[in-house]
Undergrad: 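Below: one structure in structure tokens.
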Amino acid sequence: MPLLVMKFGGTSVATLDRIRRAAKRVGREVANGYDVIVIVSAMSGKTNELVGWVRETAPMFDAREYDAVVSSGEQVTAGLMALTLQEMDVPARSWQGWQVPLKTTSAHGAARIVDIPTDNLTEKFNDGMKVAVVAGFQGIGDDGRVTTLGRGGSDTTAVAFAAAFGADRCDIYTDVDGVYTTDPRIVRKARKLDRIAFEEMLELASLGAKVLQTRSVELAMRYKVKLRVLSSFEDNDENAGTLVCAEEDIVESNVVAGVAYSRDEAKVTLISVADRPGIAAAIFGPLSEAGVNVDMIVQNISEEGRTDMTFSCPVDEVTRAEAAVQAAKDAGHINYHDLVADEGVAKVSIVGIGMRSHAGVAAQMFKALSDEGINIKVITTSEIKVSVLIDRKYMELAVQALHDVFGLERAA
Ligand code: ASP
Ligand code: MG
């Protein structure tokens, strides 16, 4: 039997009525001749509530108990979805992560999937089960305890099942009807993309486009899973939503596929650091140990053996970053005159595989920003991306200007 994976996010299972609507979609695919693995999130808001309860109970919580609590939201929706399907006379049952078993590392709260043996579900499919409803986001660690995969992890569950079972497709049902050229709340002319390459989606996902968990896109790219993002609130035809696929499957595309932003960034500069071998390691080692997610890094040219070192990180990690470098300074591992943190910056990026073969894209970006009088503070580039750090108050303006200048409202 051909097999589909259908994943329903929190807003798509937020009420019993919505679960019924989602179940009808599943029923239609069964009628089309598919066996279906349904992956469900918790009802929207539920996971936040559970996380809140854990934090309130124990600020320095045991991560294993965090997982025990936080994984429960998916257990509820999996059972309800299976019941709803049964009421519609579709043979279905629910599975928790450990029952499959979806095996993970024991990094509680951020576990990685290690293996998904297919025999249990396959046996049931062979016995006439049409739908396996699997609780997303959770698994069992090599310590034998329930684990969770990090926020947004049900996307990754879905892609991992699609890869393990060789599914024809992995459909991610969500509250938006696809992946857009940028956030439609900022740019009204933002356009839904019919297709986007894995690598582009990966950049957009990690840049803060919150449609898919980054890890799920990595997995889809590695295992060539056809991933479709579509709305659970609309009637979808064959071509609905956005297909995230291999570059070869995209015929025409704009040089720049999308504009992404990340609002709450900070820029931290260590002024007058001794410029010697090992200095970057001495600074960024402690930052990484402190769990600071350093993004951009710039080292200035040095004068008389001293240099300035600038990096960016999320605004709410600045305090931790300051403490980490201060500790390294106190221990005599590094030496700097001053630390300056600018907490009022945002990152804006353009992404597109077309940049590989087109020169001058970065220059065009800088010109567009300069035409708006926006000052660029830090620049980084990769093969398919250019990112700039700018004052947060100009973020929306920058996104709009870039969307315009690269003509993203029109398809190529
Ligand atoms: N319920 C989990 C969360 O809110 C996992 C998911 O929905 O993907 O992060
Ligand atoms: Mg999500």
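If you're wondering where the values come from, they're calculated on a predicted model, not measured in any experiment.
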Undergrad: Decide if atom CZ of Phe366 counts as having more than 12 heavy atoms of other residues, nucleotides or ligands within a radius under 6.0 Å.
TA: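 Atom CZ in Phe366 is packed in, count exceeds 12.
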Undergrad: Establish, yes or no, whether the cationic atom of Arg93 lies under 6.0 Å from the six-membered ring centre of Trp95 and within 45° of the ring axis.
TA: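 Checked: cation-pi criterion met.
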Undergrad: Before giving the answer on side-chain contact (heavy atoms from CB on, under 4.5 Å), spell out for Arg169 and Val5 the whole-Å C-alpha distance, their side-chain angles and the decisive distance to 0.1 Å.
TA: CA-CA 6 Å; Arg169 220 175 45 233; Val5 171; over 6 Å; no
Undergrad: Val318 versus Arg320: any side-chain heavy-atom pair under 4.5 Å?
TA: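 Not touching, per the 4.5 Å side-chain cut-off.
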Undergrad: Mind checking whether Lys124 and Leu121 have side chains closer than 4.5 Å, heavy atoms only?
TA: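 In short, these two side chains do not touch, never coming nearer than 4.5 Å.
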Undergrad: Do the side-chain N and O atoms of Thr104 and Thr147 include a donor-acceptor pair separated by under 3.5 angstrom?
TA: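 The criterion, which ignores hydrogens and geometry beyond distance, is satisfied for Thr147 and Thr104.
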Undergrad: To check you understand the geometry: which heavy-atom pair defines the closest contact between Ser94 and Gln99, and what is its length?
TA: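 Looking at all heavy atoms of both residues, the closest pair is O-OE1, 4.3 Å.
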Undergrad: Which residue pairs satisfy the salt bridge (charged side-chain N to carboxylate O under 4.0 Å, His left out) criterion with at least one member in residues 135-155, sequence neighbours excluded?
TA: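 For residues 135-155: Lys7-Asp155, Glu65-Arg145.
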Undergrad: May I ask you to check whether Gln213 and Thr156 show a side-chain donor-acceptor distance below 3.5 Å?
TA: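 On atom types as modelled, these side chains qualify, holding a pair under 3.5 Å.
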Undergrad: Under 3.5 Å, is there a donor-acceptor pair between the Thr307 and Asn300 side chains?
TA: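 No - no donor-acceptor pair under 3.5 Å links their side chains.
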Undergrad: Going by distance alone, is a donor N or O of one side chain under 3.5 Å from an acceptor N or O of the other, for Gln75 and Ser72?
TA: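 On atom types as modelled, these side chains do not qualify, holding no pair under 3.5 Å.
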Undergrad: Quick one about Asn293 and Glu317 (side-chain donor to acceptor, distance below 3.5 Å, no hydrogens or angles considered), yes or no?
TA: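 The criterion, which ignores hydrogens and geometry beyond distance, is satisfied for Asn293 and Glu317.
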Undergrad: Looking only at atom types and distance, does a side-chain atom of Thr380 sit under 3.5 Å from a main-chain N or O of Met296, one as donor and one as acceptor?
TA: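 No: the side chain of Thr380 does not pair with the backbone of Met296.
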Undergrad: What are the two closest non-hydrogen atoms of Leu408 and Arg191, and how far apart are they?
TA: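 Of all heavy-atom pairs spanning Leu408 and Arg191, the closest is O-NE, 3.0 Å.
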Undergrad: Using the side-chain contact (heavy atoms from CB on, under 4.5 Å) rule, take Asn375 and Tyr394 through it: C-alpha gap first, then chi angles, then the decisive distance, then the call.
TA: CA-CA 9 Å; Asn375 186 36; Tyr394 297 128; over 6 Å; no
Undergrad: State the CG-CG distance between Leu389 and Asp342, to the nearest 0.5 angstrom.
TA: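 Here the interatomic distance stands at 8.0 Å.
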Undergrad: Using salt bridge (Lys or Arg N to Asp or Glu O under 4.0 Å) as the criterion, list what pairs up with Lys224, not counting sequence neighbours.
TA: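 Counting only residues at least two positions away or on another chain, Lys224 forms no salt bridge (Lys or Arg N to Asp or Glu O under 4.0 Å).
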Undergrad: If we ignore hydrogens and angles and just use 3.5 Å, is the side chain of Glu343 paired with the main-chain N or O of Val315 as donor and acceptor?
TA: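 No, Glu343 side chain to Val315 backbone: no donor-acceptor pair under 3.5 Å.
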Undergrad: SG/Cys170 to CD1/Ile39 distance, rounded to the nearest 0.5 angstrom?
TA: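 CD1 of Ile39 is found 8.0 Å from SG of Cys170.
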Undergrad: Determine whether Val13 and Arg18 make a side-chain contact, defined as any pair of heavy atoms from C-beta on separated by less than 4.5 Å.
TA: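 Counting from C-beta outward, Val13 and Arg18 never come under 4.5 Å.
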Undergrad: With the side chain counted from C-beta on, respond yes when Met395 and Ile186 share a heavy-atom pair under 4.5 Å apart, and no when they do not.
TA: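 A side-chain contact under 4.5 Å exists here.
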Undergrad: Between Asp171 and Arg25, does at least one N-O distance fall below 4.0 Å, as a salt bridge requires?
TA: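 A salt bridge is absent here (no side-chain N lies under 4.0 Å from a carboxylate O).
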Undergrad: Compute whether any side-chain donor of one residue and acceptor of the other, for Gln400 and Asp404, lie under 3.5 angstrom apart.
TA: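 Result is no, nothing qualifies.
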Undergrad: Start with the C-alpha gap between Met43 and Ile19, add the side-chain angles, then the distance that decides, and say whether side-chain contact (heavy atoms from CB on, under 4.5 Å) holds.
TA: CA-CA 9 Å; Met43 290 177 169; Ile19 292 178; 4.2 Å; yes
Undergrad: Under a 3.5 Å distance rule, please check whether Thr118 uses its side chain to pair with a backbone N or O of Phe165 as donor and acceptor.
TA: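 Side chain of Thr118 to backbone of Phe165, a donor-acceptor pair under 3.5 Å: no, none is there.
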Undergrad: Does NZ belonging to Lys226 count more than 12 external heavy atoms closer than 6.0 Å?
TA: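 Result for NZ/Lys226: open.
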Undergrad: More than 12 non-hydrogen atoms from neighbouring residues, nucleotides or ligands closer than 6.0 Å to NZ on Lys103, yes or no?
TA: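 No - once you tally the heavy atoms of other residues, nucleotides and ligands closer than 6.0 Å, there are 12 at most.
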Undergrad: Side chains of Leu212 and Leu227, heavy atoms from C-beta outward: is any pair under 4.5 Å?
TA: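 In contact.
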Undergrad: So Arg410 and Asn254, do their side chains get closer than 4.5 Å, heavy atoms only?
TA: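 Heavy-atom side-chain distance check fails, nothing below 4.5 Å.
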Undergrad: Report the distance from atom CG of Asp295 to atom OG of Ser387, rounding to the nearest 0.5 Å.
TA: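 That separation rounds to 7.0 Å.
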Undergrad: Crowded around Arg112 CZ? As in, over 12 foreign heavy atoms under 6.0 Å?
TA: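 Open: at most 12 neighbouring heavy atoms sit under 6.0 Å from CZ of Arg112.
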Undergrad: Looking at every non-hydrogen atom in both residues, tell me the closest pair between Ala197 and Ile250 and how far apart they are.
TA: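 Here Ala197 and Ile250 meet closest at N-CD1, 3.3 Å.
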Undergrad: Compare all side-chain heavy atoms of Met365 with those of Leu402 and state whether any distance is below 4.5 angstrom.
TA: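 When only atoms from C-beta onward are counted, Leu402 and Met365 do touch, with a gap below 4.5 Å.
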Undergrad: If every non-hydrogen atom of Gly27 is compared with every non-hydrogen atom of Val90, which pair is closest and at what distance?
TA: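 Closest pair (atom of Gly27, atom of Val90, distance): CA-CG2, 4.5 Å.
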Undergrad: Taking C-beta and beyond as the side chain, do Asp115 and Pro117 meet within less than 4.5 Å on heavy atoms?
TA: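 Touching, per the 4.5 Å side-chain cut-off.
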Undergrad: How long is the straight-line distance from CG of Leu50 back to OG of Ser71, given to the nearest 0.5 Å?
TA: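 If we round to the nearest 0.5 Å, Ser71:OG and Leu50:CG are 8.5 Å apart.
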Undergrad: Do Asp308 and Gln299 meet the criterion of a side-chain donor-acceptor pair at a distance under 3.5 Å?
TA: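 Their side chains do not contain a donor-acceptor pair, so the 3.5 Å distance test is not met.
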Undergrad: Check each of Val38, Leu3, Leu102 against Phe161 using the side chain to side chain contact (heavy atoms under 4.5 Å, CB included) test, and report the only one that passes.
TA: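 Output: one option passes, namely Leu102.
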Undergrad: Do Glu29 and Asn32 get their side chains close enough for a donor-acceptor pair, meaning under 3.5 Å?
TA: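 Short answer, yes.
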Undergrad: Step by step, work out the side-chain contact (heavy atoms from CB on, under 4.5 Å) result for Thr181 and Val259.
TA: CA-CA 6 Å; Thr181 49; Val259 182; over 6 Å; no
Undergrad: Kindly give the heavy-atom pair with the smallest separation between Val386 and Met355, and that separation in Å.
TA: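 Closest approach of Val386 to Met355: CG2-SD, 4.3 Å.
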Undergrad: Using a 3.5 Å distance criterion without hydrogens, assess whether the side chain of Glu123 forms a donor-acceptor pair with backbone atoms of Asn120.
TA: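 No: the side chain of Glu123 does not pair with the backbone of Asn120.
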Undergrad: Thinking salt bridges, do Arg356 and Glu199 make one under a 4.0 Å N-O criterion?
TA: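 The answer is yes: the pair qualifies as a salt bridge.
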Undergrad: Out of curiosity, Lys24 NZ to Leu85 CG, how far, rounded to the nearest 0.5 Å?
TA: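 The CG atom of Leu85 is 12.0 Å from NZ of Lys24, to the nearest 0.5 Å.
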Undergrad: Partners of Ala22 by side chain to side chain contact (heavy atoms under 4.5 Å, CB included), sequence neighbours excluded?
TA: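 Partners of Ala22 by the side chain to side chain contact (heavy atoms under 4.5 Å, CB included) criterion, ordered by chain and then number, come out as Phe8, Met81.
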Undergrad: Are Lys130 and Asp35 ion-paired here, with the side-chain N under 4.0 Å from a carboxylate O?
TA: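 Here Lys130 pairs with Asp35 in a salt bridge, since their nearest N and O are under 4.0 Å apart.
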Undergrad: Might you confirm whether atom CD of Glu87 has over 12 heavy atoms from other residues, nucleotides or ligands at distances under 6.0 Å?
TA: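 At most 12 heavy atoms, drawn from other residues, nucleotides or ligands, come within 6.0 Å of this atom.
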Undergrad: Does a salt bridge link Lys347 with Glu265, judged by any charged N lying under 4.0 Å from a carboxylate O?
TA: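 No salt bridge links Lys347 with Glu265.
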Undergrad: Are Phe284 and Phe311, when compared by the centres of their aromatic rings, separated by less than 6.0 Å?
TA: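 Phe284 vs Phe311: aromatic centres under 6.0 Å.
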Undergrad: Measure across Thr242 and Val179 and return the closest heavy-atom pair with its distance rounded to 0.1 Å.
TA: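 Nearest pair, atom of Thr242 first, then Val179: OG1-N, 2.8 Å.
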Undergrad: Dump the intermediate steps for salt bridge (charged side-chain N to carboxylate O under 4.0 Å, His left out) on Lys385 and Glu203, then the final yes or no.
TA: CA-CA 8 Å; Lys385 176 183 78 171; Glu203 292 287 3; 3.4 Å; yes
Undergrad: How many angstroms lie between atom CG of Asp62 and atom CG of Asp67, to the nearest 0.5 angstrom?
TA: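 Nearest 0.5 Å value for the CG-CG distance: 9.5 Å.
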Undergrad: Looking at Arg20 and Asp17, is any side-chain nitrogen of the basic one under 4.0 Å from a carboxylate oxygen of the acidic one?
TA: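 Counted as a salt bridge, because a side-chain N and a carboxylate O are separated by less than 4.0 Å.
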